[in-house]
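The structure under discussion appears below in the form of structure tokens.
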Number of protein chains: 2
Amino acid sequence: MRKRVTIRDVADRAEVGVGTVSRVLNGHPKVSDNTRQRIKSVIADLDYHPHFAARHMRTANSQTFGFITDQIATTPYAVKLIQGAQDAAFQNDMLLLIINTEGNPALEADAVKLMLERHVEGIIFATMYPRIVTLPPAIHQLPAVLLDCMVADGALPSVVPDEYGGGYLATRTLIENGHERIAFINLHQESLAAKGRLRGYRAALRDHGLSNGDRYLRQGTDWADSGYQQAYDLMRLATPPTAIFCGTDRIAMGVYDALKEMNRRIPDDISVIGFDNQEIIAAYLRPPLSTMEVPFYMMGRFAIEYLLSGSDEKIQKQMACPFIERESVRTI
Amino acid sequence: MRKRVTIRDVADRAEVGVGTVSRVLNGHPKVSDNTRQRIKSVIADLDYHPHFAARHMRTANSQTFGFITDQIATTPYAVKLIQGAQDAAFQNDMLLLIINTEGNPALEADAVKLMLERHVEGIIFATMYPRIVTLPPAIHQLPAVLLDCMVADGALPSVVPDEYGGGYLATRTLIENGHERIAFINLHQESLAAKGRLRGYRAALRDHGLSNGDRYLRQGTDWADSGYQQAYDLMRLATPPTAIFCGTDRIAMGVYDALKEMNRRIPDDISVIGFDNQEIIAAYLRPPLSTMEVPFYMMGRFAIEYLLSGSDEKIQKQMACPFIERESVRTI
DNA sequence: CTGTTAGCGCATTCAT
DNA sequence: ATGAATGCGCTAACAG
């Protein structure tokens with residue numbers, strides 16, 4: 001860890017004033033090519049790096065965004081949220097300061113405080129699953145975007161997946177493949193995700209004249225077990241469904257197990273669609289599971305780009321969930 | 001975004017000098033309780049936050065570590081790596097600056113440069129899976145720790161999982177449960193992880209007089225498919241194994257499928273152990289999979305704690321992989 | 001115990 | 001086109 005080399009050192013060695021060095025550092029036009037070259041080579045020789053904090057203090061420009069998560073970082077999904085934000089930030093010469101609060105409100109307040117002290121230029125607050133949150137009031141002192149969550153009064157811009165659209169598209173896809181008896185095993189119903197997906201399912205059915213009084217609707221829990229149970233229940237019906245739309249890929253895992261036990265072949269005997277596109281599950285299931293993707297990566301990107309845009313519109317962005325086709329759906 | 005309030009404002013309002021304010025800010029003892037209280041209340045009134053960059057410039061103390069990843073952030077495992085580091089750092093008043101390079105060497109160099117400019121107090125370089133890496137030379141200008149990887153010349157401290165120990169423990173656990181014909185379906189053999197786990201498997205067998213010339217050893221790929229294939233192959237043997245140790249949980253997924261097709265019950269007919277403890281798979285498989293955990297969280301913590309310790313010893317830390325008991329192993 | 005002062009490294013006037 | 005001077009907000013050293 002040798003002595004830090006400052007702009008002064010560069011200036012001295014290049015026999016110019018610090019101002020000139022600063023100018024070439026910042027790509028200022030009015031520097032003769034001659035001196036510019038000389039300075040650049042000195043910078044390289046000395047391996048000089050500008051002191052970020054000094055520049056920051058001078059320019060009031062921290063080139064940093066804060067990224068606060070409740071426990072998102074724990075879940076496999078949402079890594080992509082971070083990564084999308086990361087990439088978008090990096091491409092714009094910004095870095096991310098990440099704090100994980102485990103949903104502890106005291107920590108959240110601390111986190112916001114720390115970010116304020118570090119003069120981040122904006123804050124992203126991301127949650128593990130879509131929900132309504134209450135935030136430390138201090139967050140309003142900065143541009144902020146909510147990721148995968150929203151505040152009750154809509155006072156903060158937010159970006160969330162279009163659960164409704166996803167539910168609709170999954171169901172419509174099945175319909176377009178000729179299915180008419182389409183079951184839906186939803187995840188735990190308190191969740192915003194569950195509500196949205198369910199509305200989409202019902203709407204698609206209705207729009208295609210296939211409403212059936214929720215005869216094939218089942219309430220699951222988000223765990224494979226419930227998929228297993230409900231699949232059994234469903235298949236024992238007098239006229240069982242020809243397709244099962246699962247509220248999560250994990251539910252689909254359970255459905256697969258039950259179906260296999262019953263010697264039903266996927267997709268020949270019955271089609272299955274999941275939700276979440278957890279690669280680790282969906283891609284490795286046998287056969288690979290067709291499912292809806294929650295566009296975490298793009299959501300992360302969008303949040304940063306919104307911050308970068310400087311807009312103060314309180315948009316409530318819903319991002320579409322695309323259908324990921326694999327091998328669990330068959331046309332009949 | 002109202003005008004920033006500085007230490008000057010606080011001093012004026014409290015009718016003291018800035019030095020005194022600075023002292024209470026830094027918990028300096030020699031301040032009368034009286035003035036301390038007054039200043040504190042002014043700080044609260046004004047909602048004053050010290051300017052981090054200014055302090056940093058003055059103290060040469062950035063309270064920040066850099067965390068560079070190749071693509072770790074993409075994978076579900078390693079989120080825990082970040083989280084462990086995160087938590088340990090936060091508890092010591094440090095924050096993490098995270099950059100994901102996608103394994104792009106140019107980006108890696110940029111990342112190190114940015115971290116140098118921001119005066120991080122140390123760098124953690126983490127990879128998605130254990131391997132030998134080459135790093136931008138500039139990284140040597142700072143304390144650095146490698147996570148889940150190492151450099152060829154051992155010139156940098158590193159912390160990796162004890163793959164050997166994990167392989168050994170998994171095998172020994174099976175042995176202690178009375179199994180003697182123990183198969184091992186390894187993941188793709190180029191990986192360090194595969195080599196270590198295999199050595200552990202062989203050593204445990206040998207130490208218990210169970211060596212069998214690798215009769216039950218199979219080479220898989222890391223995908224469920226290979227587990228499926230190899231399980232069929234294994235079970236068709238004249239004297240099939242009574243237990244299968246899988247190089248990854250994904251392989252175990254395939255093994256489960258094959259076993260179920262063959263109407264073998266887990267664990268009654270055959271025991272299975274996985275590796276990785278990918279909760280999303282292991283906990284949801286039916287029955288839940290007993291497996292070896294790679295201690296990512298603790299590895300992350302350790303890396304930070306090592307940095308914090310200020311040690312310059314080039315330790316090569318191997319962290320034990322504990323056995324996570326679920327329901328796929330039975331005593332015979 | 002407390003006020004005053006001198007930089008930390010840089011970007012930006014203002015001269016030249 | 002370039003050098004010199006100023007101050008961003010803070011901590012530490014020095015006086016008292």
Side-chain angles (χ1 to χ4, degrees), chain A residues 1-40 42-43 46-64 93 113-114 116-121, chain B residues 1-40 42-43 46-64 93 113-114 116-121:
Chain A
M1 323 304 127
R2 60 188 186 285
K3 177 88 185 69
R4 156 158 286 274
V5 12
T6 77
I7 199 174
R8 184 71 265 164
D9 302 323
V10 176
D12 288 352
R13 181 85 99 84
E15 295 175 312
V16 296
V18 290
T20 308
V21 178
S22 176
R23 276 170 212 123
V24 345
L25 246 26
N26 296 286
H28 212 291
K30 306 196 150 194
V31 180
S32 78
D33 270 3
N34 194 354
T35 44
R36 180 186 304 279
Q37 287 317 318
R38 188 151 36 92
I39 290 175
K40 283 200 168 178
V42 170
I43 287 179
L46 264 37
D47 191 29
Y48 163 76
H49 294 271
H51 190 308
F52 184 82
R55 170 180 293 175
H56 168 192
M57 191 164 55
R58 191 59 233 263
T59 62
N61 208 198
S62 70
Q63 296 187 54
T64 310
D93 296 309
K113 191 180 134 219
L114 282 179
L116 245 30
E117 292 183 355
R118 295 197 182 212
H119 289 213
V120 298
E121 298 179 23
Chain B
M1 321 309 125
R2 60 188 187 287
K3 177 92 185 69
R4 156 157 285 274
V5 11
T6 76
I7 200 173
R8 186 68 268 164
D9 302 324
V10 177
D12 288 352
R13 181 86 100 82
E15 296 176 312
V16 296
V18 290
T20 308
V21 178
S22 176
R23 275 170 214 123
V24 345
L25 246 26
N26 296 288
H28 210 291
K30 305 195 150 193
V31 180
S32 78
D33 270 3
N34 195 354
T35 46
R36 179 185 305 279
Q37 287 316 319
R38 187 150 37 89
I39 290 175
K40 282 200 168 176
V42 171
I43 287 179
L46 263 37
D47 191 28
Y48 163 76
H49 294 272
H51 189 309
F52 185 81
R55 171 179 293 173
H56 169 192
M57 192 165 53
R58 194 55 237 259
T59 62
N61 209 198
S62 69
Q63 296 188 51
T64 310
D93 296 308
K113 190 179 134 218
L114 282 179
L116 245 31
E117 292 183 356
R118 294 198 183 213
H119 289 211
V120 299
E121 298 180 22

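Note that the coordinates shown come from a computational prediction; the quantities given were computed from them, not determined experimentally. Numbered from 1 within each chain, the chains take letters A, B, ... in sequence-line order.
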Does Arg38(A) or Ala54(A) map to a spot on DNA chain D nearer the 5' end, using the closest nucleotide for each?
-> Arg38(A)
Give every residue pair that meets the salt bridge (Lys or Arg N to Asp or Glu O under 4.0 Å) criterion with at least one member in residues 11-22 of chain A, sequence neighbours excluded.
-> Arg8(A)-Asp12(A)
Nearest-Å distance for atom pair [atom1]/[atom2], residues [X] and [N]:
X         : N       : atom1 : atom2 : answer
His51(B)  : dT11(D) : NE2   : P     : 12 Å
Met57(B)  : dA12(D) : CE    : P     : 14 Å
Arg118(A) : dC10(D) : CZ    : P     : 15 Å
Phe52(B)  : dC8(C)  : CZ    : C1'   : 14 Å
Tyr48(A)  : dC10(C) : OH    : C1'   : 7 Å
Ile39(B)  : dT11(D) : CD1   : P     : 12 Å
Ile7(A)   : dA5(D)  : CD1   : P     : 16 Å
His56(A)  : dC8(C)  : NE2   : C1'   : 15 Å

Leu46(A) side chain near Val10(A) side chain, heavy-atom distance below 4.5 Å = yes
Can you tell if the side chain of Tyr48(B) reaches within under 4.5 Å of the side chain of Ile7(B), non-hydrogen atoms only?
-> yes
Return the set of residues passing side chain to side chain donor-acceptor pair (under 3.5 Å) with [X] (not counting sequence neighbours), or none when no residue passes.
X         : answer
Arg118(A) : Thr64(B)
Thr59(A)  : none
Gln63(A)  : none
Ser62(B)  : none

Kindly write out the residues that satisfy ring pair (Phe, Tyr, Trp, His ring centres under 6.0 Å) with His119(A), not counting sequence neighbours, or none if the list is empty.
-> His56(A), His51(B)
Glu117(B) near the nucleic acid: base, sugar-phosphate alone, or nothing, with a heavy-atom cut-off under 4.0 Å?
->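 Counting heavy atoms under 4.0 Å across all strands, no contact is made by Glu117(B).
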Contacts of Arg36(A) meeting salt bridge (Lys or Arg N to Asp or Glu O under 4.0 Å) (sequence neighbours excluded), chain-then-number -> none
Set of residues satisfying salt bridge (Lys or Arg N to Asp or Glu O under 4.0 Å) with respect to Asp9(B), sequence neighbours excluded = none
Using atom types as modelled, flag every donor-acceptor pair under 3.5 Å from a side chain in residues 21-28 of chain B to any protein atom, sequence neighbours excluded.
residue: Ser22(B); atom: OG; partner: Asn26(B); partner atom: ND2; Å: 3.4
residue: Asn26(B); atom: ND2; partner: Ser22(B); partner atom: O; Å: 2.8

Could you run down the sub-3.5 Å N/O contacts of the protein with nucleotides 12-15 of chain C?
residue: dT13(C); atom: O4; partner: Arg23(A); partner atom: NH2; Å: 3.3

In residues 29-36 of chain A, what residues come within less than 4.0 Å of DNA chain C, judged by heavy atoms?
->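 Residues of residues 29-36 of chain A under 4.0 Å from DNA chain C: none.
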Angle of first-five versus last-five pair axes in the helix from dC1(C)-dG16(D) to dT16(C)-dA1(D), to 10 degrees |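 Taking the rotation axis at each end, their angle is 40°.
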Return the nearest nucleotide to the side chain of Val16(B); candidates are dG3(C), dG3(D), dC10(C).
-> dG3(C)
